[in-house]
Colleague: 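I am attaching a structure below and will ask some questions about it afterwards.
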Amino acid sequence: MPDLFDLVVVGGGVIGLSVAWRATGRGQRVAVIDPAPVSGASHAAAGMLAPVSEVTYTEEPLLRLGLASLERWPAFAAELTRASGYDLDHRADGTLDVAFGSDDLAALDDLAAFTAALGLPAERLTGRECRRLEPMLAPSVRGGMLAGGDAWVDPRKVTAALLAALDAAGATLVADRVTGLLTSSGAARGVRLASGGSLASGRVVLAAGAWSGSLEGVPPEVLPPVRPVKGQIMRLRSPEPVLSRCVRGVVHGSHVYLVPRGDGELVLGATQEELGFDTRVTAGGLWELLRDARELVPGVTELEVTETIAGLRPGTPDNLPLVGPTIMPGLDLATGHHRGGVLLAPLTADLCAGEDSGGGSGGGDPVLTELAGLCSPLRFARAAPPRPPRTGPIENTPREQR
Ligand code: GLY
């Protein structure tokens with residue numbers, strides 16, 4: 001007889017682990033399945049919690065989701081630290097967006113006008129004011145915008161803390177690959193595993209990041225339209241912190257960010273490449289990062305390189321995540337977070353907080369219900385092909401369960 005869980009989460013990145021942890025807090029029996037937990041985008045991510053400085057003109061719904069999740073981060077971090085004993089390096093000193101050339105400055109002016117129109121906490125600064133905040137910035141930085149409410153966190157500490165908290169809460173972590181769903185009367189009732197076993201559960205949440213769109217054995221009409229978007233990242237180390245807050249910049253039209261850690265690490269990111277499941281770190285990708293970062297902070301070229309890595313963001317056609325129920329009863333999604341997986345983890349966990357609270361529908365809270373509507377997977381729902389006539393009460397439950 002396979003184990004019976006309330007919830008099986010497919011995918012052990014920051015999203016899957018957060019959803020699982022929140023469910024354990026509600027007393028649910030939870031299993032997380034991943035052949036290599038925390039080895040995907042969450043391991044590569046820099047950890048910016050920057051909905052204001054990363055806002056773009058056509059993406060106000062994404063901004064609303066980002067702000068709602070940013071607001072949840074302090075309590076989420078405090079609770080996770082209590083549960084795990086890990087310090088998450090969560091810092092809320094804002095993001096400084098800086099501009100280098102006159103075109104970049106014009107783009108920054110537009111961004112500042114846009115954020116002001118939306119009433120967001122952002123302050124336009126001169127080049128000199130930027131250097132007063134961050135003395136290592138290049139003299140050629142022409143101006144900036146301080147998004148004072150933005151924050152950042154160390155994603156590797158967050159995922160380590162989530163794993164420890166899940167272990168302490170009695171959740172099961174299964175290092176295996178999912179090869180299909182168990183179904184009954186058209187509803188998802190668990191998963192089949194590559195090792196030959198299966199796990200029965202009341203609900204399945206697909207949280208497999210960039211791989212969510214190509215999971216084996218999931219009916220095509222519920223497979224989400226998720227594609228991999230490659231991001232190359234470089235980690236540097238300095239004996240003294242180089243920056244005291246996140247710095248983002250547009251250099252001749254391309255974006256670069258620098259994220260400081262408490263231990264002197266500086267993370268440079270990130271490329272955006274549509275190359276399928278390619279995770280090669282390339283000379284061109286690293287050159288682009290260093291070229292742009294050096295324009296903003298010339299001292300970066302003196303620092304020791306400690307790591308280069310490429311991750312795959314789960315992109316969606318409208319850049320909004322896919323969180324909540326699908327057309328298949330018992331099967332929910334928590335994926336498609338593209339550039340915002342770490343930022344959106346606390347909100348996603350709340351949106352998926354369990355069937356009894358209306359998982360993915362806001363659980364009666366009108367604000368959460370509205371946010372759930374923005375990321376509902378049903379916006380991409382395709383009609384299921386006609387189902388064959390039923391031959392018995394259970395369609396594909398493994399023999400040992402009958
Ligand atoms: N949020 C930053 C990135 O995806 O590169």
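Counting starts at 1 for both ligands and their atoms, in listed order. A quick note: this is a predicted structure, and the numbers were derived from the prediction, not measured.
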Colleague: Got a sec, which residues hit ring pair (Phe, Tyr, Trp, His ring centres under 6.0 Å) with H43, two or more places apart in sequence or on another chain?
Modeller: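 Ring pair (Phe, Tyr, Trp, His ring centres under 6.0 Å) check on H43 returns nothing, list empty.
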Colleague: Decide if the gap between the ring center of W152 and the ring center of Y257 is smaller than 6.0 angstrom.
Modeller: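 So the answer is no for these two rings.
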Colleague: Salt-bridge test for R124 and D109: reply yes if a basic N is under 4.0 Å from a carboxylate O, no otherwise.
Modeller: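 Looking at D109 together with R124, the answer is yes, because their closest N to O distance falls below 4.0 Å.
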Colleague: Identify the protein heavy atom lying closest to atom 4 (O) of ligand 1, giving its residue, its atom name and the separation to 0.1 Å.
Modeller: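 Protein heavy atom at minimum distance: R313 NE, 2.7 Å.
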Colleague: How does M48 reach ligand 1, if at all, at less than 4.0 Å between non-hydrogen atoms: by side chain, backbone, both, or neither?
Modeller: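 The answer is neither.
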Colleague: Check each heavy atom of Q272 against ligand 1 and say whether those closer than 4.0 Å belong to the side chain, the backbone, both or neither.
Modeller: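 Neither part.
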Colleague: Above 12 or not: heavy atoms from other molecules or residues under 6.0 Å from CD of E129?
Modeller: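 Yes, enclosed.
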Colleague: If you have a sec, work out which protein heavy atom is nearest atom 1 (N) of ligand 1 and how many Å separate them, to one decimal?
Modeller: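 Nearest neighbour among protein heavy atoms for atom 1 (N) of ligand 1, to 0.1 Å: R339 O, 2.7 Å.
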Colleague: Between H338 and ligand 1, does any nitrogen or oxygen pair lie at a separation below 3.5 Å?
Modeller: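 No, since none of the N or O atoms of H338 sits under 3.5 Å from an N or O of ligand 1.
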Colleague: Check R203 with D332, please: is the shortest side-chain N to carboxylate O separation under 4.0 Å?
Modeller: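 A salt bridge is present here (some side-chain N lies under 4.0 Å from a carboxylate O).
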Colleague: With a 4.5 Å heavy-atom cut-off, do L96 and R248 have their side chains touching?
Modeller: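 Not in contact.
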Colleague: Would you mind running through ligand 1 and noting each atom that sits below 4.0 Å from a heavy atom of A270?
Modeller: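 By the 4.0 Å cutoff, the relevant atoms are 5 (O).
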Colleague: In terms of residue, atom name and distance, what is the protein heavy atom nearest to atom 3 (C) of ligand 1?
Modeller: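 Heavy-atom neighbour on the protein nearest atom 3 (C) of ligand 1: Y257 OH, 3.2 Å.
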